[in-house]
Every structure is written in C-alpha cells, then in structure tokens.
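Working notes, beginning with the structure itself.
Residue numbers start from 1 in every chain, and the chains themselves are labelled A, B, ... in the order their sequence lines are given, proteins ahead of strands.
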Amino acid sequence: MSTGTKYNPKEIENKWYGSWLEHGFFRSKPNPKKEPYTIVIPPPNVTGVLHMGHMLNNTIQDILVRRARMRGKEACWVPGTDHASIATEAKVVAMLQERGIQKSDLTREEFLEYAWEWKEKYGGIILEQLKKLGASCDWDRTRFTMEEDLSAAVIEVFVDLYRKGQIYRGVRMVNWDPKGGTALSDEEVIPKDTMAKMYHLRYEVVRDVDDVLNEGVPAYITVATSRPETIMADVAVAVNPNDERYKHLHGKKVRIPLLGRAIPVILDEYVSIDFGTGALKVTPAHDLNDYELGLKHNLPIIDILNDDGSLNEKAQLYVGQDRFAARRNIVKDLEEAELLVKIEEYASVLQTSERTGAVIEPRLSLQWFCKMDAMAKPAMEAVMEDEIKLHPPKFKNMYRSWMENIRDWCISRQLWWGQRIPAYYLPDGSYVVACSTEEALELARHESGNADLQAEDLRQDEDVLDTWFSSWLWPISVFDGFKDPDNKDIQYYYPTNDLVTAPEILFFWVARMIMAGYEFRNEPPFRNVYLTGIVRDAQGRKMSKSLGNSPDPLDLIEKYGADGVRTGMLFSSQAGNDLFFDEKLIEQGRNFSNKIWNAFRLIKGWEVDETLPCPNETAIRWFESRFNAAFVQIEDHFSKYRISDALLSVYKLVWDDFCSNYLEMIKPTYQQPIDKETLKATVGFMEQVLKVLHPFMPFLTEELWHELKERKELEYIIVASWPKKDRFNKEIIDQMESVLKVVAAIRNVRNSKNIPNNKSLDLSVKQMGQLDYAPFLGIIRKLGNISEISLVQESVEGAISFVEAGDEFFIPMEGNIDVAAERERLLKELEYTQGFLNSVTKKLSNERFVKGAPEAVIANERKKQADAEAKIKALEQSLAAL
RNA sequence: GGGGUGUUAGCUCAGCUGGUUCAGAGCACCUGCCUUACAAGCAGGGGGUCACUGGUUCGAAUCCAGUACGCCCCA
C-alpha cells in the first residue's frame, strides 16, 4: 500500500470489488435464521448508460443494502434491466439503417433477431457501470424483462386480467406518435410551450328556403383554429347558446371552406365565448374535446389521417401530404380564396413524443386497455394508511389525487420489441385470448363451434405490450412469483423492504407495482418508497444527454474515486428534493476520503512503548460517549430515511470529533511512542468509525479495515457487525464542550494578538462555576499550547481575559495590552450579556409564563439567569482589573 | 382553472412534538499559518427582520388565515 499524503483510490477499488465478488458477499439465499432485507433495483433501460440520476439512486440503494448486511440481515439487492420497447426499437432501427436495412423490409422474426443481437452487444452496459460505483447487487440474480420467464409472467397476467374482465379492447383517443408509429401513454408525452398560430377562417352560412338575410350576398361565420388542415374532418361548428352574436345561426348549417360540405351549427355551453371567435369547429377524430362533443351530439367521425401523419383519401384534398405540408398548402389556398380572415399568434402547449420528438396526434384508435378503478382502490389505501410509506411523506397527497382521478391504462404499443399481445383473431373477426397458440386454437374451436379450425386460421394481434406492463410485475417476477407462486425465494424475500426511485415515476411505475402486488399476491410489493430528487445542473436544468450538461459519472469516479463521488452526491441530497449538482460537492467527498486516509496514517505510524502509562483517560472516556451519542443520532436519521443527514452526522463525527478533537488530544509529541492503552482504544475507535462510514464509502473503509489490523480470511468490513446503540455519558460530553470552548477562546486570543502557535502561553483560572477542570487540564494544555495553568482567587492584571462556563480566564501578556481596545471588547460583551439577562428576567417575572410553562423550561430559564449573572460579575471584575 | 408544494446566511438546505444562547449545517467568503497525519490541510472570524400582513399563545422560524412570488401535477 502506498502511504503518501493523498488517498489514491484507483487500484484499491478494483481490488476490493473483485475480492467481494470472489467471496460471494453480495450473494443471498433464503436463510430462515436471518431476517431478509430486500431491494429490487428500478430496472434501468437496457439501452441506457449511467447518468447522474442513476448514480444518486443506486448509491442510496447500496447504502441501505450495505447497512442492512452489516446489521445481520440477509441482504438481497436484485439487479436487472427493462427492455424499453420504444427506445430500444429506435436504436435497432438506427442500427439497421446504418447497414442499409429498412425495418419495413423485415419480417417480425427477422427484426427481433436483430434486436436481440443489439441487446446482447450493447445492452446492460449500465450494470457494468454500477459495479464501478460499488453497487453490491447479487449479480447472479440479474433479470431482464424480456427474458423467457418474465415474458411468460406478463402473458399470464394479461390472460388472467382479461378473464377477470379487467382488460378490454376499445376505441379511444390516444396520443399517437406518427414518427414512432405507436400510441404513447400520457407520461411519455412532453408538453412544450410554444407560440402557435390561430387561423381565422370563414365558413359560409347555408341559406334556407325561407332565409331572408343578406339576399344575394353570402353570410359567413368566422371560426378560429390552430389546425386548418383538419377542416376536412369537420362535422359541425359549435357556439355557445348564450352568445348573442350567433343567435341568428341557431339551427343553421355552414359550409366547410374549400370543400363545401355542409355541416350543422350546434349549441354547447362548453364553448367559451371569449376564446378565439367564440365559434369552434368540431373535429371528433382529431381532438379529444371534440371527440367528446361529438359523442354528446351524436356526430359522425371522419378520420382523415394515416398512421404516419399524412392525409388519407377521406380528406379529399391534399391526399398523401404530410399534416404540416397540408397545413402550409391549405393556408395558401384559403388565402387565395379569401376565406382566411387573419392569423393570430398565441401561447400554446405543444404535445411532443418523449422518444421521437414528433408532435403528438390525438387519434382514435383501437387499443387494449387495463381497467384501473378496482385495482387502484387497495393501492391508494395502502399508501394513505401507511402500510406503504413514502419518504418524504409530502408525496402522499400527490399520490392520492392521482389515484382518485385515475384513467384506464392503454397497454398496447404498435411495436415489435416487446411481449406480443396474446389475442388471436378468428376468420370471422372475433378473438380469443390465451397463453399459447395451442390453447388459443382449442378455445377458438370451442367458442366458434368449428372443430376444423387450424392454427393457420388464427391471426395473433400485431401489437406488443407497454414496457410498464412488464415493470409493474418486477418485484414479483424477479423472484419467479408467477411461474412458481410458492417458491422459497418469493416466500422469503417478498414483500421487499425498500424501493428507491424518482418522483417522476411515482404514478406510472410505483403505483402500478402496488396495484400488482395486491392483485396478484395480496400483499404490498415493498414497505417503504424513498423518493430521490432530480439531479440538475447549477442553472437548475435537468441533467440530460441531449443538453450535454451532465458530466460522465465514470469520469468523475476516475477523477475523484467512487467513495468521493458517492458521498459528494449525497451531501446535498435530501429525500425528494432536487439536487443541484456541482463538481465542488464531489471534491468535498474526495477531500473527506483523504481526511480519513490521513487519520489512518497517523495512527498507523505510532510506535508503542509498553511501559508508558496512559495519560488519555479523559479523552478516551469522552470519545466513547461522543461516538455513542452520535451513533444514536445516525441511527435515528436512518430510521427516518434521512440518508443525507445520516451522512452529515458521520462526517462531523469523523472530521470534527475524531480527527480535530480526539486525535489531537491523544497524539503523542512528534516521534514519541504512544502508550499501549491509548493505542488500543484508538484502533478500536477507528474500527467503529470505519464501520459507520462503510455504507457510504465502501472501498476506502475496506482498505483501511485490512490495513489497520491483521484480519482472518473472511473478516471483511462489508460483513462486519454494525455498532450497537450503547449508553453514553451526557455529562462528559457537555463538560468537554465547555472545555473545547475554553480552548477556542485561547486560540482566538492567539489569533487576534498575532501570537504564533508554537509560542506557549500561561493561563490562570478564577473558578466560580461548577466545572471541575482537573481531568481536563492536560487537554487544555495540549490543545491550547499552554505551559502552565494556575488557579487564582483574584483577577489577574495585565492580562487578556475571557469568560467561559461561568469561569474567568486570564492570559498574562508581558506588558503591552491595548487597554482601550480590551475595555471596548469587554464592554460589548457585557452589554450583550445584560441584554440577554434582561430578556430572561422578564420572562421569569411574567406570572403567566411561570404558571403556564413546564417545569423543565422554567428550571432552564433560571439556570440561564444564574449563568448570565455570573458572567456579568466576572466581566465587571475584568473591567475593574484593567 | 383545479390540486399539491415551497419561500430561513452569498449558494444548497436542516430546523421533528411551539420552549436550551435558536436562528443552525455544509459550501463559499475574510484573517493568520507549508505546526511534525492531512494546504485535498490547520486555527480563528464575519454574515440572516426566518417572503409579507394579521391571528392564536405566557412564548411563534415552528400552529392558523390572508397576500406576494416560485416550482410540480392535472385540465
């Protein structure tokens, strides 16, 4: 091991990760003697590479798992990836294009072959990257949502839900991605604020036989629309019945511009009078609101668009043109026909595809849906009643409002990469749903009464299932809970303990897993959900590859070490709060690694002299208590899932208490040996400190654990026992706090008087308070570089004085003290203390306070009063002595 | 428009059940130190009207109401 002043993580990280794997420390098997602790990884997209969000998320999971393992739990962290149908299909299509192959030239089977090829080659890179971070997953359990068993589970669930009447086929307005050629869920749609154009078009009013208005001159109604290319799909113009401007048009018909088809004017309160012109064209096939209006008024539906967003023959005009080209052309033609009144700009929201970026087309289409009402109910109750706890709990409200307004889940996707929907169509157009072709055939023969039906007569649905329809089963399927519902793994590990994920997918993943948990196992999938924030850059933008504002996590690990990156990320990462990433944080993490490294170097460098007595009893007694007190706090933070707070407590314990205070107290003079007892205690403390550090900084702690002492073969810190909560002496902690304040005051005098550190000083104490300094004199001498401490009865003249813990301290200054400055300083402090005393006295003389406040609070106020009085007295005497 | 959530130091955020010198932490900043584990360090220090206005209370950063501004979700 190199013993330079800088910690060098590189070879150490590879060494220990390999060693952990070799010894199987990450592996887990059901063990009836131990309590299980289980986490399933939120399966990253198989096409993905590690980004900062994964780093944060997986660091937290690893911390939880490592702590559980040390606490003697049977810790099991199941890794894996999902098949991400849309993203992966896009990558495969791109790969094919590079080879000059079009997807449309391939059969489904051929395409899937390429897809698997791609997956084998590039998929799962992300899991390798997680190893660099130190993730202690049970890699033998790695699962993939498209593998055979997990796919079988998906099909089985589909069939099961279908037979329970929970899955149906229906016409719905879906978010259609014309570029991807598939329907998207609402969550896969990204709204973008844009400036849109509002076109005001003239629709000619059809004259009735008895029409008297404007004889000979055509009358018009002006309709505002942002989508002029859809007028060919218009089936009505709607106005508000209360709109005075259009009263004369009630019951009339108007003609679609250019096309000339007559459509009715309908009345509906839904139309807002002040938006646009107050007249709304109704296009049920291409707008959700219009669709509903159409249903209400019994209007026909005319769909003029093809799958790829071009116009079909039903449009009659611009057939074959893309929707945007058609828009440009129709605007030109309308203008020429003088049917375009004006064009207005207005702020609007454009719906775009998360994957392809294409503008979403609201489109009627035949899709498969999963009913949500029944399953949502227990899932909502579980969270509301804390059977499943969200951390932080502020997300409960959001969860509830979503679950209360839940809509059916569109589960079909027009893709090939995914589990194909197990619906089989008969020649007559009816269909059966079954787990296999054979079963489907049997069913089809039975239902149709046609025993001659052959497999070739059945046509399987072309669509695949939404990837989330795999992911929602993840906590069950990774333990083969569908294939073999009573197997040992699922019995032992399910329900899992904690889930760590981002609030963005609380609804469409977490909520659905909860539904699946109750639906298929009658138990929740997990007990706690820890929601991380989003990692943003310094300007608050979400880190993303497309923005190029995200550092490569592996570069960071290379530069700062995995431990540094892990702790750095966690420093300012409260649960549920977004994290503003700054490389400074990682630097701080790296510096912390280095601090620990150097503390180790100090201890390792000492020679022991067995004959020496132990001069450090007080320091040892104090740190023991200090550690236990801090540990109680750390455990409290963990129990509340305040991981960042737990880290900060560890950080302060290590840096301030252990390094700055304890080690400085016990450190022998340079090149002097240390006594046996102190060394033993210190090595023991170092071990304890390394243990509480281990979940956060696994590599460094494993290294130092082995360097600190000879270890037996399987004696690794990763499986060392977590400290136990122990009693601590509050008194010595408080006393030391006062003593350290005295030390700080001495150092302050040194600093403000420009007295060098290596020049020792004398100190006199005029004791008036309760603290017995005897056990602490050695510590004050050492930390304050004091050569002599004397107890005095009278104030010392010609000295700088200060008051701590009710006692007055003097540092004699050979001669020149700036009396005026000293007086001013003392007066200022006196004034402050008097003010403080006043407020306390006022409180105590308030009868209602004394009557109303609890005993402890009053006692405390009295103590404050006494302390302040003592301090004032001391300050006054110092002033007099000047 | 509906719902949620937030506003505390220059920045990022703690502050739990109202009560300790409660106004805190980390970073940043200032001053002095290459002191013998660590300059990726040591020692010391400055910095806030707890968004605003009212209310409840002996007592409010904390509880309640309203206002302003921000963010998120849904329409």
Mind checking the [atom1] distance from [N] to [M]? Whole angstroms is fine.
{"N": "B/A25", "M": "B/C69", "atom1": "C1'", "result": "27 Å"}
{"N": "B/G41", "M": "B/G46", "atom1": "P", "result": "22 Å"}
{"N": "B/U49", "M": "B/C11", "atom1": "P", "result": "13 Å"}
{"N": "B/C30", "M": "B/A68", "atom1": "C1'", "result": "36 Å"}
{"N": "B/C13", "M": "B/U36", "atom1": "C1'", "result": "38 Å"}
{"N": "B/A14", "M": "B/U7", "atom1": "P", "result": "8 Å"}
{"N": "B/C64", "M": "B/G18", "atom1": "C1'", "result": "13 Å"}
{"N": "B/C71", "M": "B/G32", "atom1": "P", "result": "43 Å"}

Rounding to an integer number of Å, can you tell me how far [X] [atom1] sits from [N] [atom2]?
{"X": "A/Trp402", "N": "B/A75", "atom1": "CH2", "atom2": "P", "answer": "11 Å"}
{"X": "A/Glu583", "N": "B/A28", "atom1": "CD", "atom2": "P", "answer": "14 Å"}
{"X": "A/Met398", "N": "B/G6", "atom1": "CE", "atom2": "C1'", "answer": "13 Å"}
{"X": "A/Tyr291", "N": "B/A75", "atom1": "OH", "atom2": "C1'", "answer": "19 Å"}
{"X": "A/Gln672", "N": "B/U36", "atom1": "CD", "atom2": "P", "answer": "16 Å"}
{"X": "A/Leu390", "N": "B/U5", "atom1": "CG", "atom2": "C1'", "answer": "15 Å"}

Would you say the side-chain atoms of A/Lys741 pair up with the backbone N or O of A/Glu804, donor to acceptor, closer than 3.5 Å?
no
Using modelled atom types and a 3.5 Å cut-off, is there a donor and acceptor pairing between side-chain atoms of A/Asp287 and backbone atoms of A/Asp290?
yes
May I ask you to verify if any side-chain N or O of [X] is less than 4.0 angstrom from the OP1 or OP2 atom of [N]?
{"X": "A/Arg642", "N": "B/G15", "answer": "yes"}
{"X": "A/Tyr399", "N": "B/C74", "answer": "no"}
{"X": "A/Arg407", "N": "B/A75", "answer": "yes"}

Using residues 563-571 of chain A as the side-chain source, report each donor-acceptor pair under 3.5 Å to any protein atom, sequence neighbours left out, with the distance given to one decimal.
{"unit_1": "A/Asp563", "atom_1": "OD1", "unit_2": "A/Phe699", "atom_2": "N", "d": "3.3"}
{"unit_1": "A/Asp563", "atom_1": "OD2", "unit_2": "A/Phe699", "atom_2": "N", "d": "3.4"}
{"unit_1": "A/Asp563", "atom_1": "OD2", "unit_2": "A/Leu700", "atom_2": "N", "d": "2.7"}
{"unit_1": "A/Arg566", "atom_1": "NE", "unit_2": "A/Phe696", "atom_2": "O", "d": "3.0"}
{"unit_1": "A/Arg566", "atom_1": "NH1", "unit_2": "A/Asp62", "atom_2": "OD2", "d": "2.8"}
{"unit_1": "A/Arg566", "atom_1": "NH1", "unit_2": "A/Leu133", "atom_2": "O", "d": "3.0"}
{"unit_1": "A/Arg566", "atom_1": "NH2", "unit_2": "A/Asp62", "atom_2": "OD2", "d": "2.9"}
{"unit_1": "A/Arg566", "atom_1": "NH2", "unit_2": "A/Pro695", "atom_2": "O", "d": "2.7"}
{"unit_1": "A/Thr567", "atom_1": "OG1", "unit_2": "A/Asp563", "atom_2": "O", "d": "2.9"}
{"unit_1": "A/Thr567", "atom_1": "OG1", "unit_2": "A/Gly564", "atom_2": "O", "d": "3.2"}

Residues two or more places apart in sequence or in another chain: which of them pass ring pair (Phe, Tyr, Trp, His ring centres under 6.0 Å) with A/Phe623?
A/Phe658, A/Tyr662, A/Phe685
Here the gap from A/Ile620 atom CD1 to A/Ile666 atom CD1, rounded to the nearest 0.5 Å, amounts to 7.0 Å
Among all residues two or more places apart in sequence or in another chain, which pass the salt bridge (Lys or Arg N to Asp or Glu O under 4.0 Å) test with A/Arg590?
none
So does A/Lys584 pair up with A/Glu587, basic N to acidic O under 4.0 Å?
no
Is A/Lys559 paired with A/Asp555 through a side-chain N to carboxylate O contact shorter than 4.0 Å?
no
One character per nucleotide, please: for nucleotides 38-47 of chain B, 5' to 3', B when the base has a protein heavy atom closer than 4.0 Å, S when only the sugar-phosphate does, - otherwise.
B-BSSBSS--
For RNA chain B, what dot-bracket results from Watson-Crick or G-U pairs at under 3.5 Å, with [ ] for crossers and | for inter-strand partners?
(((((((..((((.....[....)))).(((((.......))))).....(((((..]....)))))))))))).
Specify the residue among A/Pro668 and A/Leu648 whose closest nucleotide of RNA chain B lies further upstream toward the 5′ end.
A/Leu648
Residue pair A/Lys730/A/Tyr651 against RNA chain B: nearer the 5' end by closest nucleotide is A/Lys730
For A/Arg750 and A/Lys759, the nearest pair of non-hydrogen atoms, with its separation, is NH1-O, 2.7 Å
Please name all residues satisfying side chain to side chain contact (heavy atoms under 4.5 Å, CB included) with A/Asp268, sequence neighbours left out, ordered by chain then number.
A/Tyr270, A/Leu293, A/Lys296, A/His297
